[in-house]
Amino acid sequence: MFSRRIRELAPSGTIALSNKVSKLKAEGIDVISFTLGEPDFATPVNVIRAAKDALDAGDTHYTPSMGIKGLREYIARHVFRKNGIKTGIDNIMVLPAKFALYAAVQAIVNKGEEVILPDPAWVSYGPMVQLAEGSVRSVPMEYENGWHLRALDIENAINSRTKAIVLNTPANPTGSVMTRPELEEIAKLAKEHDIFVIADEVYEDLIYEGVHHSIASFEGMAERTITVAGLSKSHAMTGWRIGWIIGNTEFISNVNKLQQHSLTCLPGFIQQAGMEALKSGAGNVEMMRREFLERRNMLIPLINSIPGLSCEVPKGAFYAFFRADLGMDSMKLSERLLEEAHVAMIPGSAFGPTGEGYMRMSYAASRNDIAEGMRRIKEFVEALG
Ligand SMILES: Cc1ncc(COP(=O)(O)O)c(C=O)c1O
């Protein structure tokens, strides 16, 4: 009845678990959830006001499929000032970041071609490649090496079928931040082997140590880099579904065809809000970043104080990806934590085979929830003996 393509597609592990949490909460169970990568702040008021004003002004119709020109101009200025990416409005499309990544893979990957993914990596890259009938080539990373991607491992994974490498810095689920020399080595490989880099930079504003570098700004990389970012994580705008994709003009015009036959466009009032977010500077972003930093500094010692758990200090994003040596696999641990301690977090295995033995805890949660959640986990671990 259903296509093989869709039958073979697994549901998102993260969304499935958060749906389960919602169900338990609806039954009156006091679950503390550290599952979703979603800032718990309200969207800044000026951004909400801009959307309301646009609605009142009748901005409720179709907009250009690439996104409105004013917003694309803002994005061009924003990425140049912040990340040194030299680009113009014909290189930019306004899309939700997740759809942008899906569209990027659809636009470049043919059946049988390979995409190199870090392992562990965000849960949706693999299924996106699968939907394009491509194959994933995973490059395992190591906890002991701070979950950094090694250029040598990437080089060993490249072959004649390789189409693209996905880089995600700061990374979900590990919180690692790639350094400039690391990115330079990968840029060199991409040029030598004529492959695309898909740079997922949705967490670019959430860095606590180190600096964000956009590989698209490196010498000779603009042509072959597809940069995806957005406002979800930086401006607490996950529900607005607004982000962008940057690439060479030929790539963008191909993504635009996909847009025209699928989403059509993003709502105008959402794009007006997006403009306001970019216009209003970094004040709100910085306030939220500082709060995440405080929570991280509170959380990591709590994790490390529990026997069997250990975590290096993550440098970016808002996830702790901690080791859990408790005599059960990460899926079992996730199930038992939810059922017995009423704490939800994502099993590391959801992010790839190398994630087994780890758990992802999002600290985009209140300090109270972090304190109470960790108390429950400690109690659970002590009861295990
Ligand atoms: C690494 C990564 N890329 C992309 C996305 C998608 O972002 P958005 O919700 O803005 O589409 C997420 C969301 O969790 C993510 O973690």
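Whatever order the structure lists them in is the order used to number ligands and atoms, beginning at 1.
Side-chain contact check for Met221 versus Lys191: some heavy-atom pair is nearer than 4.5 Å.
A side chain to side chain contact (heavy atoms under 4.5 Å, CB included) with Pro118 holds for exactly one of Ile154, Val139, Leu149, Thr354; it is Leu149.
Under the 3.5 Å distance criterion, the side-chain polar atoms of Glu276 are left unmatched by any main-chain donor or acceptor of Ala50. For Glu185 (side chain) and Leu152 (main-chain N/O), no donor-acceptor pair under 3.5 Å exists by modelled atom type.
Looking at Tyr125 and Tyr102, their side chains never bring a donor and an acceptor atom within 3.5 Å of each other. A donor atom on one side chain and an acceptor atom on the other are found under 3.5 Å apart for Ser330 and Glu356. Using a 3.5 Å distance cut-off with no hydrogens or angles, the side chains of Ser217 and Asn83 do not pair a donor with an acceptor.
Contacts between Asn168 and ligand 1, counted as non-hydrogen atom pairs separated by less than 4.0 Å, involve the side chain only. Residue-level proximity to ligand 1 for Leu101 is carried by the side chain, the only part with a heavy atom below 4.0 angstrom. Contacts between Tyr102 and ligand 1 below 4.0 angstrom, taking non-hydrogen atoms only, are absent altogether.
Near Lys98, with a cut-off below 4.0 Å to any heavy atom, the atoms of ligand 1 are 6 (C), 11 (O). Using a 4.0 Å cut-off to heavy atoms of Tyr125, the atoms of ligand 1 that qualify are 1 (C). Annotation for ligand 1: atoms under 4.0 Å from non-hydrogen atoms of Val202 are 2 (C), 3 (N), 4 (C), 15 (C).
Shortest contact from atom 10 (O) of ligand 1 to any protein heavy atom: Ser232 OG, 2.6 Å. Atom 2 (C) of ligand 1 has its closest protein heavy atom at Asp200 OD2, 3.4 Å. Counting protein heavy atoms only, atom 5 (C) of ligand 1 is closest to Trp122 CZ2, 3.5 Å. Ala97 CB, 3.7 Å is the protein heavy atom nearest to atom 7 (O) of ligand 1.
Residue contact annotation: Phe318 has no non-hydrogen atom under 4.0 Å from ligand 1. Using a 4.0 angstrom heavy-atom cutoff, Phe99 does not count as in contact with ligand 1.
Among Arg241, Lys233, Met237, the residue whose heavy atom sits closest to atom 14 (O) of ligand 1 is Lys233.
Residue Tyr319 has no nitrogen or oxygen atom sitting less than 3.5 Å from a nitrogen or oxygen atom of ligand 1, judged on distance alone.
The aromatic rings of Phe196 and Phe251 lie tilted to each other, with the angle between the two planes from 30° to 60°.
Phe34 has its ring centre no less than 6.0 Å from the ring centre of Phe318.
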